[in-house]
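Counting begins at 1 with the first residue of the sequence.
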Amino acid sequence: MTAIGILYPGHSAEDDYPRIEQLLGSDIRLPLVHTDIGEDAHRVDALLEMGSADRLAAGVEELRLAGAEAVVWACTSGSFVYGWDGAHEQVRKLALSAGLPASSTSFAFAHAVRELGVKRVAVAATYPEDVAGLFSDFLKAAGADVLSVRGSGIITAAEVGTWQWPEVLEMARAGDHPDAEAVLLPDTALHTAAYVRDLETELCKPVLTANQVTTWEALRLADRRVNAPELGRLFTREPVVQMPG
């Protein structure tokens, strides 16, 4: 049994994680602890406070008690808003307070892009344009070539959490770029676990979503590889091991 801790801000799309657990179909648990988000706003000052070291540290003891082998701060905007160096410092403090390997969703995106072997990406974000631009800056610092960035102007995670397939598909299509090798949807408040494979079918390219890459990053920290085609091409990078008949 492998348990990987998820620190999740507030209550929006956390039910993606039990769904992902089922899709992984193996001996993997994703214990989740909610962090206090303060003000629910995709605004730089609120995001900086949401991702503060004290707020993150408050949840790590519960994850340790759940047997977590690693922990991921499951918030994209609450990590990239610190910039490349600041996000590294945020993860360093989280690892120290948890006594475990740690990462965040922003780094999960950077590592997942590298894992897919792509360079040119498009961003389809729920955020206001200025916040979406900060995510683009983070990706560029990670070495990605960001061809286009589209924000949707949504201020609260609560509103994002109400979106279903029609809204998610519309945003992904609008944010795609014909030359992009992958499309990134960076918000853990957005329900996407049930949609990744359908999005890839619609767009004819890999799609990376926040809760999907967070889980993949957590498994990477625990040195686990799982083939789960329902979670998109990111989870089909390793060949399926055929058991002898």
Under the salt bridge (charged side-chain N to carboxylate O under 4.0 Å, His left out) criterion, do E115 and R225 qualify, and how do the steps go? CA-CA 12 Å; E115 172 75 6; R225 289 278 183 164; 2.7 Å; yes
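Partners of E61 by salt bridge (Lys or Arg N to Asp or Glu O under 4.0 Å), not counting sequence neighbours, listed by chain and number: R64. D45 is linked by a salt bridge (Lys or Arg N to Asp or Glu O under 4.0 Å) to R43, counting only residues two or more places apart in sequence or in another chain. With sequence neighbours left out, the salt bridge (Lys or Arg N to Asp or Glu O under 4.0 Å) criterion links D176 to K205. For E21, the side-chain contact (heavy atoms from CB on, under 4.5 Å) test picks out R29, L30, with sequence neighbours left out. Taking E49 as the reference, R55 meet the salt bridge (Lys or Arg N to Asp or Glu O under 4.0 Å) condition, with sequence neighbours excluded.
Neither V196 nor F235 shares a network with the other; the hydrophobic side chains, linked directly or stepwise wherever heavy atoms of I, L, V, M, F, W or Y lie under 4.5 Å apart, form separate groups for each. Cluster membership for L147 and V123, using ILVMFWY side-chain heavy atoms within less than 4.5 angstrom, is not shared. A single hydrophobic cluster is not seen to contain both V71 and L65; linkage of ILVMFWY side chains at heavy-atom distances under 4.5 Å, directly or through other members, places them apart.
Between E181 and R233 there is no salt bridge, since none of the side-chain N atoms of the basic residue sits less than 4.0 Å from a carboxylate O of the acidic one.
Through direct or indirect side-chain contacts shorter than 4.5 Å among Ile, Leu, Val, Met, Phe, Trp and Tyr, I155 is connected to no other residue. Hydrophobic cluster membership of V183, counting Ile, Leu, Val, Met, Phe, Trp and Tyr whose side-chain heavy atoms lie under 4.5 Å apart directly or via other members: I154, V160, W163, W165, V168, L169, M171, L185, L190, Y195, L199, L203, V207. Through chains of ILVMFWY side-chain contacts below 4.5 Å, L221 is grouped with V72.
Taking each heavy atom of P18 and E14 in turn, the nearest pair found is CD-O, 3.3 Å. Of all heavy-atom pairs between A228 and L23, the closest is CB-O, 3.8 Å. Considering every non-hydrogen atom in both A172 and A124, the closest pair reads CA-CB, 4.0 Å. Between G143 and K119, the shortest heavy-atom distance links the atoms O-NZ, 2.7 Å. Here the shortest heavy-atom pairing between A182 and V118 reads CB-CG2, 4.2 Å. Between S12 and A157, the closest heavy-atom pair is OG-O, 3.3 Å.
Side-chain contact between V149 and F135: absent, with no pair of heavy atoms (C-beta onward) separated by less than 4.5 Å. With contacts defined as side-chain heavy-atom distances shorter than 4.5 Å, the pair I4/T215 does not qualify. Residues L116 and L208 have side chains in contact (heavy-atom distance under 4.5 Å, counting atoms from C-beta outward).
Side-chain contact check for H191 and N211: no donor-acceptor pair (N or O, by modelled atom type) lies under 3.5 Å.
At distances below 3.5 Å, not a single donor-acceptor pair connects side-chain atoms of Y17 with backbone N or O atoms of P31. Side chain of T209 to backbone of T192: no donor-acceptor contact under 3.5 angstrom is found.
No more than 12 heavy atoms of other residues, nucleotides or ligands shown are found within 6.0 angstrom of CZ on R19. Other residues, nucleotides and ligands contribute at most 12 non-hydrogen atoms within 6.0 Å of the CG atom of D223.
Residue pairs meeting the ring-ring contact (aromatic ring centres under 6.0 Å, His included) criterion with at least one member in residues 20-65, sequence neighbours excluded, are H11-H34, H42-Y127. Legend: salt bridge (Lys or Arg N to Asp or Glu O under 4.0 Å) pairs involving residues 192-201, not counting sequence neighbours, sorted by first then second residue: R197-E230. The side-chain hydrogen bond (donor to acceptor under 3.5 Å, both in side chains) analysis of residues 128-142, with sequence neighbours excluded, yields no pairs.
Distance CG/L32 to CG/L63: 8.0 Å, rounded to 0.5 Å.
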Let me have the donor-acceptor pairs involving side chains of residues 87-112, under 3.5 Å, with sequence neighbours excluded, atom names and distances please.
unit_1 : atom_1 : unit_2 : atom_2 : d
H88    : ND1    : W84    : O      : 3.0
E89    : OE1    : R92    : NE     : 3.0
E89    : OE2    : R92    : NE     : 3.4
E89    : OE2    : R92    : NH2    : 2.7
Q90    : NE2    : G51    : O      : 2.9
Q90    : NE2    : G78    : O      : 2.9
S97    : OG     : K93    : O      : 3.3
S97    : OG     : L94    : O      : 3.0
S103   : OG     : E217   : OE2    : 2.6
T105   : OG1    : W73    : O      : 3.3
T105   : OG1    : C75    : N      : 3.1
T105   : OG1    : T214   : OG1    : 2.7
S106   : OG     : T76    : O      : 3.0
S106   : OG     : S79    : OG     : 2.6
S106   : OG     : F80    : N      : 3.1
H111   : ND1    : F107   : O      : 3.2
H111   : ND1    : E217   : OE1    : 3.1
H111   : ND1    : E217   : OE2    : 2.8
H111   : ND1    : R220   : NH2    : 3.3

